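Order of appearance sets the numbers: ligands from 1, and atoms from 1 within every ligand. Values below: every heavy atom of this structure, side chains too, minus hydrogens, waters and symmetry copies. If you're wondering where the values come from, they're calculated on a predicted model, not measured in any experiment. Nothing fancy with the numbering, it's 1 onward along the sequence.
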Amino acid sequence: MTVHLDELTWVELDQRVRDGPPVVILPAGSLEQHGPHLPLGTDRFMPARLAERIAERIGALVAPALPYGYKSQPKSGGGNHFPGCASLDATTYIHMVRDIICDLARHGLTRIVLFDGHMENQWFLTEASDLALRALRAEGVEGTRIVKLGYWTFITPETEAALFPDGLLSWELEHAAVMETSCMLHLCPDLVRRDLIPDGPPADFPPYDVYPADTGSIPPTGVLSSATGASAEKGRIVVAQVVPDIAAALDTAFQSDQQG
Ligand SMILES: [Zn+2]
């Protein structure tokens, strides 16, 4: 049986809900530059591929991944001024996610995972959850539980050491760098332009933000630190570690829901 929610018929979905509602994982991506070597949809492809593997382990469904996200920020994504970045205002994004959560819950899919692939989405996913829960309570739809996570936060110190033998600079500067490039080499190898993987010093940002963004401190490639240490093997290590760990964490998160 497929793990993809949109490949089921309504009759099949209804039966799944009656049998005990499955967890639904909603991958939250973006359309954002990822250097000269990774596709604009990287932040969607990554969580969508990981979610499929996690869903197979825990009997969950994967909702259609969101292809647009909140605006790329210079210090974590290079900035929204790069060609191809198409993003949503925060209020638009919040309301889109709120509406999806509400309709899933109204149809009995009350166990929802917001599976973030794009750092800039994170607080707006929180706000969408809060507004959705408020609306559902007002309607009398009870028992909704939402888990929000960024897959990168599951990377253990051991995996981090395998990725970065010389130490990690920061996860923000990892945009389109070693971790994402490695995972894409493993998960979506045909989409990586291997001959264009960039080198270069890490971005050096001031400890404040400027609006409009000061593009002078952003590396012209859009990659915030060197990606030359990337490999498919490192990507395999990350995926092999985070998939079972996230699956176990979701089991725990929703088990305590049933007990409570
Ligand atoms: Zn990314």
Candidate list Glu172, Glu120, His175, Glu32, test side-chain hydrogen bond (donor to acceptor under 3.5 Å, both in side chains), partner Ser76, passing option | Glu120
Beyond-backbone contact of Asp116 with Lys148, side-chain heavy atoms, under 4.5 angstrom | no
Show all protein N/O/S atoms under 2.8 Å from the Zn ion (ligand 1), or state that there are none.
-> His34 NE2, Asp43 OD1, Glu180 OE2
How long is the span from the CH2 atom in Trp152 to the CE atom in Met46, to the nearest 0.5 Å?
-> 9.5 Å
What about Leu149 and Val97, same hydrophobic cluster or not, with Ile/Leu/Val/Met/Phe/Trp/Tyr joined at side-chain heavy-atom distances under 4.5 Å?
-> no
Describe, in one word, how the ring planes of Phe164 and Trp171 are oriented to each other, choosing from parallel (under 30°), tilted (30 to 60°) and perpendicular (over 60°).
-> perpendicular
Do Tyr70 and Phe124 have ring centres separated by under 6.0 Å?
-> yes
